[in-house]
Amino acid sequence: MPQASPRGTYLQVSESLRQRIESGDIGDALPSEAALMSSYAVSRNTVRRALKVLEVDGVVASAPGVGWRVVRGGDRRSLTERMTALIVEESLLVGDPYPSESKLCERFGVSRTAVRRVLAQMEGNGLLATVHGKGRTVRALPTPTGQP
């Protein structure tokens with residue numbers, strides 16, 4: 001990996017792993033953290049952060065005592081894409097309440113921290129607004145991405 005990265009070395013490692021998984025270079029199990037540290041010449045913390053990014057996106061899952069496994073099938077979109085698409089899928093309009101953090105955690109099977117990170121991003125992009133005492137509401141509808 002390059003020494004100075006404006007994007008974050010862990011994001012570069014996660015993208016590299018994602019590409020290797022999609023190309024079939026990595027099968028059902030990822031190499032050990034030690035092997036990843038060696039192959040990317042990065043610290044354990046960088047490898048773990050990269051794996052967490054992939055876990056939040058539903059690409060890999062931790063199997064206690066076994067290591068990291070590739071998740072096959074299912075929705076391969078990132079959590080951000082899935083939570084943004086929820087507005088359209090649920091036919092929510094501007095001013096409608098957006099689901100609570102706990103409902104989002106349950107629906108997408110991710111941690112509250114991951115949900116809060118995406119909610120903050122959606123608020124920053126102007127899609128959601130927080131109304132004191134009422135939760136989050138839809139502030140704007142997402143623009144179509146043009147994907148098939």
Side-chain angles (χ1 to χ4, degrees), residues 1-92 97-130 135-148:
M1 289 286 109
Q3 290 299 326
S5 167
R7 189 161 177 251
T9 305
Y10 75 100
L11 292 172
Q12 291 182 350
V13 172
S14 70
E15 279 306 309
S16 174
L17 287 170
R18 185 187 312 270
Q19 290 171 0
R20 289 178 59 196
I21 290 167
E22 289 173 358
S23 71
D25 185 35
I26 295 179
D28 289 335
L30 269 68
S32 69
E33 288 182 3
L36 291 172
M37 288 168 51
S38 176
S39 67
Y40 288 103
V42 295
S43 69
R44 183 174 302 275
N45 187 44
T46 300
V47 167
R48 287 183 175 167
R49 288 181 73 187
L51 292 171
K52 284 294 182 187
V53 168
L54 295 174
E55 181 180 38
V56 166
D57 288 347
V59 176
V60 299
S62 175
V66 178
W68 290 88
R69 298 277 183 206
V70 176
V71 175
R72 300 289 180 199
D75 193 345
R76 298 297 293 257
R77 296 177 297 171
S78 71
L79 182 60
T80 303
E81 292 170 325
R82 291 184 287 162
M83 285 177 59
T84 302
L86 180 67
I87 295 171
V88 175
E89 293 166 4
E90 298 289 326
S91 302
L92 298 176
Y98 192 76
S100 67
E101 290 178 4
S102 61
K103 295 236 185 258
L104 293 167
C105 291
E106 183 179 315
R107 178 175 184 148
F108 297 114
V110 296
S111 69
R112 189 172 293 264
T113 302
V115 166
R116 284 180 176 165
R117 179 179 56 85
V118 174
L119 287 171
Q121 185 178 6
M122 291 173 73
E123 286 178 3
N125 291 336
L127 292 174
L128 299 177
T130 301
R136 290 180 180 85
T137 60
V138 176
R139 183 174 180 192
L141 300 178
T143 58
T145 58
Q147 295 177 347

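The analysis underlying the following values was restricted to heavy atoms, covering all of them including side chains, and did not include hydrogens, waters or symmetry mates.
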*Identify, with sequence neighbours excluded, every residue that meets side chain to side chain donor-acceptor pair (under 3.5 Å) alongside S100.*
S102
Just so I know, are the side chains of [X] and [Y] near enough to count as touching, which here means a heavy-atom distance under 4.5 Å?
| X | Y | value |
| --- | --- | --- |
| E55 | L51 | no |
| V118 | L104 | no |
| Y40 | Q12 | no |
| R18 | I21 | no |
| M83 | V115 | yes |
| L17 | L36 | yes |
| Y98 | E90 | no |
| Y10 | K52 | no |

Identify the heavy atoms of [X] and [Y] that sit nearest to each other, and give their distance.
| X | Y | value |
| --- | --- | --- |
| V70 | G27 | CG2-O, 3.1 Å |
| R139 | L128 | CB-C, 3.9 Å |
| S14 | A50 | CB-O, 3.5 Å |
| R69 | L30 | C-CD1, 4.5 Å |
| L86 | P99 | CD2-CG, 3.7 Å |
| P142 | V88 | CG-CG2, 3.8 Å |

*asked:* For the OG1 atom of T143 and the CG atom of L127, what is their distance to the nearest 0.5 Å?
replied: 8.0 Å
*Got a second to check how far T113's OG1 is from R117's CZ, nearest 0.5 Å?*
10.0 Å
_Distance-only donor-acceptor check, side chains T130 and E123, under 3.5 Å_ =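 Checked: T130/E123 side chains pair up, N/O donor to acceptor below 3.5 Å.
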*asked:* Check whether T84 reaches the backbone of T80 with its side chain - one donor and one acceptor, N or O, closer than 3.5 Å.
replied: yes
*Spell out, as yes or no, whether a donor-acceptor pair under 3.5 Å connects the side chain of S16 to the backbone of V13.*
no
*Between E89 and R107, is there a salt bridge with N-O shorter than 4.0 Å?*
yes
_Could you check whether E106 pairs with K103 (Lys NZ or Arg NE/NH1/NH2 to Asp/Glu carboxylate O, under 4.0 Å)?_
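No salt bridge links E106 with K103.
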_Atom CD of residue position E101 - does it have more than 12 heavy atoms of other residues, nucleotides or ligands inside 6.0 Å?_
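Yes, CD of E101 has more than 12 neighbouring heavy atoms, counting only those of other groups under 6.0 Å.
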_One pair to check against side chain to side chain contact (heavy atoms under 4.5 Å, CB included): R49 and T46. What are the steps and the verdict?_
CA-CA 5 Å; R49 288 181 73 187; T46 300; 5.9 Å; no
*For R20, which residues count as a salt bridge (Lys or Arg N to Asp or Glu O under 4.0 Å) partner, sequence neighbours excluded?*
D25
